K.L.:
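Mind looking over this structure? Questions follow.
Just so it is clear, the values below take in all heavy atoms, side chains as well, and ignore hydrogens, waters and symmetry mates. Letters A, B, ... are given to chains in the order of the sequence lines, protein chains preceding strands, and every chain is numbered from 1. As the structure is a computational prediction, the values presented were derived from the model and not from experiment.
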Protein chains: 4
Amino acid sequence: MACQFRNVSSFPAPCNRLVTVTTVEAGPSRLERRKAETRREIIDAAFTCFAEQGYHATGIADIAARLGIGHGTFYRYFENKRDIVEHVIDDLVERIVATLGAENAPDAVSTLDDYRAQSERIGAGLARIFSEDPRVPQLLLSAAGIDDAMRERMLDLFAATAPLTAAYLEHGVHHGYLRADLDVESTAQAINGMILGSVLAALRDPSPERQARLSAAIRAVMYDGIAAR
Amino acid sequence: MACQFRNVSSFPAPCNRLVTVTTVEAGPSRLERRKAETRREIIDAAFTCFAEQGYHATGIADIAARLGIGHGTFYRYFENKRDIVEHVIDDLVERIVATLGAENAPDAVSTLDDYRAQSERIGAGLARIFSEDPRVPQLLLSAAGIDDAMRERMLDLFAATAPLTAAYLEHGVHHGYLRADLDVESTAQAINGMILGSVLAALRDPSPERQARLSAAIRAVMYDGIAAR
Amino acid sequence: MACQFRNVSSFPAPCNRLVTVTTVEAGPSRLERRKAETRREIIDAAFTCFAEQGYHATGIADIAARLGIGHGTFYRYFENKRDIVEHVIDDLVERIVATLGAENAPDAVSTLDDYRAQSERIGAGLARIFSEDPRVPQLLLSAAGIDDAMRERMLDLFAATAPLTAAYLEHGVHHGYLRADLDVESTAQAINGMILGSVLAALRDPSPERQARLSAAIRAVMYDGIAAR
Amino acid sequence: MACQFRNVSSFPAPCNRLVTVTTVEAGPSRLERRKAETRREIIDAAFTCFAEQGYHATGIADIAARLGIGHGTFYRYFENKRDIVEHVIDDLVERIVATLGAENAPDAVSTLDDYRAQSERIGAGLARIFSEDPRVPQLLLSAAGIDDAMRERMLDLFAATAPLTAAYLEHGVHHGYLRADLDVESTAQAINGMILGSVLAALRDPSPERQARLSAAIRAVMYDGIAAR
DNA sequence: AATGAATGAGACTTCATTCAT
DNA sequence: CATGAATGAAGTCTCATTCAT
């Protein structure tokens, strides 16, 4: 298994922000810091609401109520409902990227065994993110139903993971510990599909045992195939 | 690759129909046929609307207008908006099942080569369904965002495909052409994940070449793994 | 207690009928009889529906369904929903009048004792009508809420009973067994109010004992007043 | 004639209010007062609409339009159409109770003449309420046609007046100025029936003369009966 | 800057009535 | 003549967004 989300620049450009954070030399003022804090809190509250009740069932009033602020206040921080969900998704992706971290670079390993170990590590990391907080995949999944644009964004998100995995594969092919004839890009897509499948499976049955077995099965398919030898 | 959707009984029970089709010896009367036809047309129109604009952006009026019928007429055939989307999904699943057909039984093959051929055939069938009409996966994807129940239903749908694939694997293990130590269930899940991934990929790039490469990569991973020999 | 509803001519003129029954010398044809029969059945079914569920909660379809006829057929016998309720009320009033019958004429008695006996008889008759079939007062009561015109009609109906009671009182005054200084009209109104009150009471507690006590109390008030002697 | 509506606790419990009035030491704030004012205005507007057009013919839009507010605003103050009518009725009953006031207690009199005077006073008060604003009895009457529950409620309302009247009668019996053998409860019911009758009569002919004559006739029946001496 | 009262577009749904079969 | 499929006016209610305080 390979890594994703190395840097956010691979993803569709983040949407237009309401507030442009002007980073002056002197650093943000107290007011600016408070404002950013409130934005953060609204995003978090919205994340929870959207994930738990879904986008359409969540009202602006729900988000505001969870924070104990007036729902008019919401509109001082975000343009509209669509704007906030956009930011929630952006934030989510950023968090995922940050979690996977930089430690796992495609060029950090040079043998198949190292690769397997790395895969396992990354897989465990992903599993942690998604199964520790099932709201994450839940939100991503339900976001696809918001409208055409958001569905495209979710598909883009999934597609954007392929090059990341591909980089690992490329590295492996280059160093000779992976098949020379690999269709790197397509294989990356296939591998990411398996990961996606395990994430969806975890939504229904989040038991660690199930996750562990699935993860093992994925690695087995990857390295050994399913055919008898 | 293995088959899915052998029989519909594996899926959540279809919801209660509005119209009970009385099967008389003489066959359905003209009126009954007309009624069934209208139902069919409404389902199709709803399918198009939901797929193109999404569930929430689609009004009953849109569906009715597309057919040139009064929107009151809609309610003579379906109880409410939720009812129609349920039927649209049911219909979709049924169509997929029908397309995959009975020709591909898990016990129809006995060698690995036969199995690969069969996989290829089924893969091609699935690809045809999904890429000939991208609205199908589009709808299935966005349906997950309708509400909690529908998200569960979509996850169930995906989960329900695992045992079907598993049956093929089981058959292969039993006949010796697949690894004896396969975790059949988990491996099936992983394989179906790859298929799901390719379906999603097809939504963004529906070119046959891309599909063909993906399909080939999936089979390569399955049978040979990615490790160099 | 005194009598009401001597002849229907005291009531507001019945509304425009949909079908004008042409009484030819030869008598009604078979078809005409069948038609009248169906009208009768529709009125009865409507009566039941209106009384049980109320005017607004009753649909034309409910009435038709109760008879096992198509609801389109309804409109071949009555102009619209308003028309049928009008006929149901007319029919009800006619039935009440018929029940009270001609036997109780204001000039049939000449002593106070006779009068008391007659009152008792008529009171028992009314009680029978209203408490044997609580749907009757229920319908009359709820009809007052249909619209302005119907409320007026119900008030007219109640008002129309005063002259009937007054005729009895007049007779009594004339014959000397009732007070010479009676304000006949107003007293009649007051007496009918007591009857109305007992009818309403019967809707909540239809027990015969309660009815009997109420009836006795009314007669006691009428003949003896409430003051200690 | 006797008194009704001594205390509201005799009536069905008022339904759950939308707004909980928090009684702080400092008294209601300006906003709270404005809110209560708007509630009041909505209730009044609804009262007018219901009385003039009837419950079913009145739309929320009508009520809102009469006040010049958006119809969405209505729903900030009342849950739904049923809720508002409930409050309108509650308000009506409260107003009636308040009008009759506390001055007329059953134990405030001890002779028949006092009692007659009190009856006259209360009767005049009732007459004023009902004939000054005919919409009041109109609404109470038509409310009975809203649905089963409301009809029950109106019948309960009428029934609830009996014990109040009975208390006066009881007092009179106890003090010896009313017949010792009175069936207090039933007689109270009968008397209230007469009052109800006069209220209904006032709806058709609201002239004060008519009311005065009716009131006199009721008292005459009560104290002297109708029989010649 | 924060608030929440007001708003009205818009969605769903019902049902009396019409009319082609 | 009977039928019931079709219709659309009308009504209820929600909620994202605005704006005066």
K.L.:
Could you tell me how far apart D/Asp83 (CG) and F/dT14 (P) are, to the nearest whole angstrom?
P.N.:
12 Å
K.L.:
Regarding B/Arg151 and A/Ser142, is there a side-chain donor-to-acceptor distance under 3.5 Å anywhere?
P.N.:
no
K.L.:
Using heavy atoms to find the nearest nucleotide of DNA chain F for C/Gly70 and D/Ala61 separately, return the residue whose nucleotide is more 5′.
P.N.:
C/Gly70
K.L.:
Heavy atoms from C-beta onward define the side chain here; which of E/dA11, F/dT18, E/dA5 lies closest to that of D/Tyr77?
P.N.:
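Among the listed nucleotides, the one closest to the side chain of D/Tyr77 is E/dA5.
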K.L.:
Mapping C/His56 and D/Gly68 onto DNA chain E by nearest heavy atom, which one lands closer to the 5' end?
P.N.:
D/Gly68
K.L.:
Might you point out which heavy atoms bring A/Asn80 and A/Tyr75 nearest each other, and give the distance in Å?
P.N.:
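Between these two residues, the closest heavy atoms are CA-CE2, 4.0 Å.
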K.L.:
Considering only side-chain heavy atoms of D/Lys81, which listed nucleotide, F/dT12, E/dT3, F/dT17, is closest?
P.N.:
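In terms of side-chain proximity for D/Lys81, the closest of F/dT12, E/dT3, F/dT17 is F/dT12.
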K.L.:
Do C/Asp91 and C/His87 have side-chain atoms, one donor and one acceptor, less than 3.5 Å apart?
P.N.:
no
K.L.:
Ignoring hydrogens and angles, does a donor from either the side chain of B/His71 or the base of E/dT13 sit under 3.5 Å from an acceptor on the other?
P.N.:
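Under the 3.5 Å cut-off, the side chain and the base do form a donor-acceptor pair.
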K.L.:
Can you tell me how far P of F/dT17 sits from CD of A/Glu79, to the nearest Å?
P.N.:
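Atom-to-atom, A/Glu79 to F/dT17, this comes out as 10 Å.
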K.L.:
Of the nucleotides E/dA2, E/dT17, F/dT12, which one has an atom closest to the side chain of A/Thr73?
P.N.:
E/dA2
K.L.:
For E/dT3, give its Watson-Crick or G-U wobble partner with both distances under 3.5 Å, or none.
P.N.:
F/dA20
K.L.:
Determine the contact category for D/Thr58: base if any of its heavy atoms lies under 4.0 Å from a base atom, sugar-phosphate if only primed atoms, P, OP1 or OP2 are that close, otherwise nothing.
P.N.:
sugar-phosphate
K.L.:
Rounding to an integer number of Å, can you tell me how far A/Phe74 CZ sits from F/dT18 C1'?
P.N.:
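My rounded result for the distance is 14 Å.
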K.L.:
Measure the distance from CZ on B/Arg34 to C1' on F/dG4 and round it to the nearest whole Å.
P.N.:
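Going from CZ in B/Arg34 over to C1' in F/dG4 covers 15 Å.
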K.L.:
In whole Å, I'd like the distance from the CD atom of C/Glu41 to the P atom of F/dA2.
P.N.:
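Distance check: C/Glu41 CD to F/dA2 P gives 12 Å.
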K.L.:
Which listed nucleotide (F/dA5, E/dT7, F/dT7) is nearest to the side chain of D/Arg76?
P.N.:
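Among the listed nucleotides, the one closest to the side chain of D/Arg76 is E/dT7.
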K.L.:
What is the minimum heavy-atom distance between B/Leu139 and B/Ala51, and which atoms define it?
P.N.:
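Reported closest heavy-atom pair: CD1-N, 4.2 Å.
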K.L.:
When the distance from CZ of A/Arg30 to C1' of E/dA1 is rounded to whole Å, what number comes out?
P.N.:
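Rounded to the whole Å, the gap is 14 Å.
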K.L.:
Using a 4.0 Å heavy-atom cut-off across all strands, classify B/Gly72 as base, sugar-phosphate, or nothing.
P.N.:
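Base contact - B/Gly72 has a heavy atom under 4.0 Å of at least one base atom.
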K.L.:
Testing the basics here: between C/His56 and C/Ile146, what is the closest heavy-atom pair and its distance to 0.1 Å?
P.N.:
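Taking C/His56 first and C/Ile146 second, the nearest heavy atoms are NE2-O, 3.9 Å.
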K.L.:
Measure from the side chain of C/Tyr75, starting at C-beta and using heavy atoms only, and say which of F/dC13, E/dT17, E/dA5 lies closest.
P.N.:
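The answer is E/dT17.
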K.L.:
If you find the nucleotide of DNA chain E closest to D/Ile69 and the one closest to B/Ile60, which residue's nucleotide is nearer the 5' end?
P.N.:
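Nearer the 5' end of the strand: D/Ile69.
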K.L.:
For A/Phe78 and F/dA16, give me the distance from atom CZ to atom P, rounded to whole Å.
P.N.:
16 Å
